[in-house]
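Step one of this worksheet: look at the structure below.
Treat the numbers as computed from the prediction; the structure is a model and nothing was measured.
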Amino acid sequence: MELMLRFPSGQTLLIDADDTLWENNVYFERAIAAFIGYLNHQTYAPEDVRQTLNAVERETILAHGYGLTSFTRSLVTCYERLSPGPVTEEQRERVRGFAKSICDQEIELLAGVRETLALLAIRHRLILMTKGNHAEQADKLARSGLAPFFNAVEIVSEKDTSVYREVIDRHELTPHTSWMIGNSPKSDVNPALAAGLHAVHLFHKDTWVLEHAELSAPRPEQHLIELDSFARLADIF
């Protein structure tokens, strides 16, 4: 882990949203636990069900993208694949209900987020960069009350190296003073480093399993910093 004392003002900070600014995946995990309990399969262990669901989610994301609708589709498809007999519409609706419970969640900001953003916004240019369903992510941002801290918002369908390069060009970013900050090695750190940005990995214990990956090594001219809380960003920026 690299930890710098403090970087000068005028940096551009691209900041992830889900599980970086507010809780997100924990609600999906609760829905999945309820789904597995309802399936109550005698042939497959809970771990087998989860592996099947992970595979289904990968397929669904490729075809339909991210978001609650995609997750709902994945639960129903997984249930249909593992069900020992024909699946009724009543059962499908029960499975959809596990996903629907996520809609009812209030936005729960992570510790120190609002105060830290207020400090960072004074010294740096902040851009929210999140992936997912545009309407869902825009709604979360509006309900969070954090929008005034950001100079711009990027809601993208995927976070890969080409998308980061597009954002760099669109906002005329200077790579050696620009950072991507987030909890996902797969989406926030590795492709950002590949695009030439610096990165901060914010550890979150409930990061979605499909976002797990080994952290890439930064090039000699790049910084990769690992932190365990959003509030610690104020110590280095």
Side-chain angles (χ1 to χ4, degrees), residues 16-108 128-144 153-163 182-188 190-191 204-213:
D16 175 52
D18 292 339
D19 295 319
T20 294
L21 299 178
W22 51 69
E23 294 286 7
N24 180 67
N25 193 55
V26 64
Y27 306 128
F28 286 83
E29 292 297 332
R30 291 171 187 170
I32 290 170
F35 165 74
I36 292 176
Y38 173 65
L39 186 61
N40 192 25
H41 214 293
Q42 298 182 0
T43 303
Y44 302 101
E47 296 79 9
D48 298 323
V49 176
R50 184 57 189 264
Q51 288 184 3
T52 300
L53 179 59
N54 290 346
V56 170
E57 284 199 274
R58 290 188 180 95
E59 297 170 9
T60 307
I61 288 167
L62 287 175
H64 303 284
Y66 297 92
L68 192 55
T69 300
S70 180
F71 175 69
T72 305
R73 188 189 299 266
S74 294
L75 286 186
V76 173
T77 300
C78 182
Y79 188 84
E80 291 172 343
R81 289 187 184 179
L82 297 180
S83 180
V87 176
T88 67
E89 185 56 31
E90 181 181 356
Q91 290 172 318
R92 291 190 184 91
E93 192 58 31
R94 179 67 184 276
V95 171
R96 294 184 189 108
F98 298 127
K100 188 176 182 299
S101 66
I102 299 171
C103 296
D104 302 327
Q105 298 296 329
E106 297 293 330
I107 298 296
E108 181 182 351
L128 184 78
M129 185 169 175
T130 183
K131 71 177 181 180
N133 178 277
H134 193 282
E136 289 179 14
Q137 295 303 94
D139 177 66
K140 289 180 189 178
L141 178 60
R143 289 190 289 128
S144 75
V153 175
E154 289 282 349
I155 300 175
V156 298
S157 59
E158 189 56 88
K159 283 179 174 176
D160 55 27
T161 303
S162 64
V163 170
N183 67 294
S184 168
K186 177 179 178 290
S187 296
D188 298 324
N190 295 348
H204 190 296
K205 64 182 180 63
D206 292 313
T207 293
W208 187 22
V209 64
L210 297 191
E211 293 295 326
H212 291 186

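- Using a 4.5 Å cut-off on side-chain heavy atoms (C-beta onward), I102 and F71 make contact.
- When all heavy atoms are compared, the tightest approach of D18 to N183 is O-OD1, 3.2 Å.
- A salt bridge between R30 and E23 is absent, with no side-chain N of the basic residue lying under 4.0 Å from a carboxylate O of the acidic one.
- Ion pair E57/R50 not flagged as a salt bridge, since none of the NZ, NE, NH1 or NH2 atoms sits closer than 4.0 Å to an Asp/Glu carboxylate oxygen.
- Minimum heavy-atom separation, H64 to S70: CB-OG, 4.5 Å.
- Judged by distance alone, with hydrogens and angles left aside, the side-chain atoms of E136 form a donor-acceptor pair with the main-chain N or O of L68 at under 3.5 Å.
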**Request:** Assess whether side chain to side chain donor-acceptor pair (under 3.5 Å) is satisfied between Y66 and E158, documenting all intermediate values.
**Result:** CA-CA 9 Å; Y66 297 92; E158 189 56 88; 2.8 Å; yes
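- Taking a 6.0 Å sphere around CD of E90, one finds it holds 12 or fewer heavy atoms contributed by other residues, nucleotides or ligands.
- Closest approach of G182 and T20 over heavy atoms only: CA-OG1, 3.4 Å.
- None of E106, E108, K140 except one satisfies the side chain to side chain contact (heavy atoms under 4.5 Å, CB included) rule with W22; the exception is K140.
- Rounded to the nearest 0.5 angstrom, T60 OG1 and R73 CZ are separated by 7.0 Å.
- In this structure, the side chain of T72 does not engage the main chain of R96 through any donor-acceptor pair within 3.5 Å.
- Of all the heavy atoms in T52 and C78, the pair that sits closest is CG2-SG, 4.0 Å.
- Ring geometry, Y79 versus Y38: the interplanar angle falls under 30°, so the pair is classed parallel (tilted spans 30 to 60°).
- T69 has its side chain out of reach of N133: every pair of non-hydrogen atoms, C-beta onward, lies at least 4.5 Å apart.
- Rounding to the nearest 0.5 Å gives a distance of 9.0 Å between OG1 of T130 and CG of L141.
- Contact check on E93 versus K100 returns no salt bridge, with no Lys/Arg side-chain nitrogen under 4.0 Å from an Asp/Glu carboxylate oxygen.
- The two residues V87 and R92 make their nearest non-hydrogen contact at O-NH1, 3.4 Å.
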**Request:** Determine, step by step, whether D19 and T207 satisfy the side chain to side chain donor-acceptor pair (under 3.5 Å) criterion, reporting the C-alpha distance in whole Å, the side-chain angles of both residues, the deciding distance to 0.1 Å, and the verdict.
**Result:** CA-CA 7 Å; D19 295 319; T207 293; 5.8 Å; no
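- From D16, atom CG reaches atom CE of M129 across 9.5 Å, with rounding to the nearest 0.5 Å.
- Rounding to the nearest 0.5 Å gives a distance of 13.0 Å between CZ of F35 and OG of S101.
- Atoms CD1 and CG, on I32 and N25 in that order, are 7.0 Å from each other to the nearest 0.5 Å.
- Side-chain atoms of L21 and L128, non-hydrogen and from C-beta on, do get closer than 4.5 Å to each other.
- Between the CD atom in E59 and the CG atom in N54 there is a gap of 11.5 Å [rounded to 0.5 Å].
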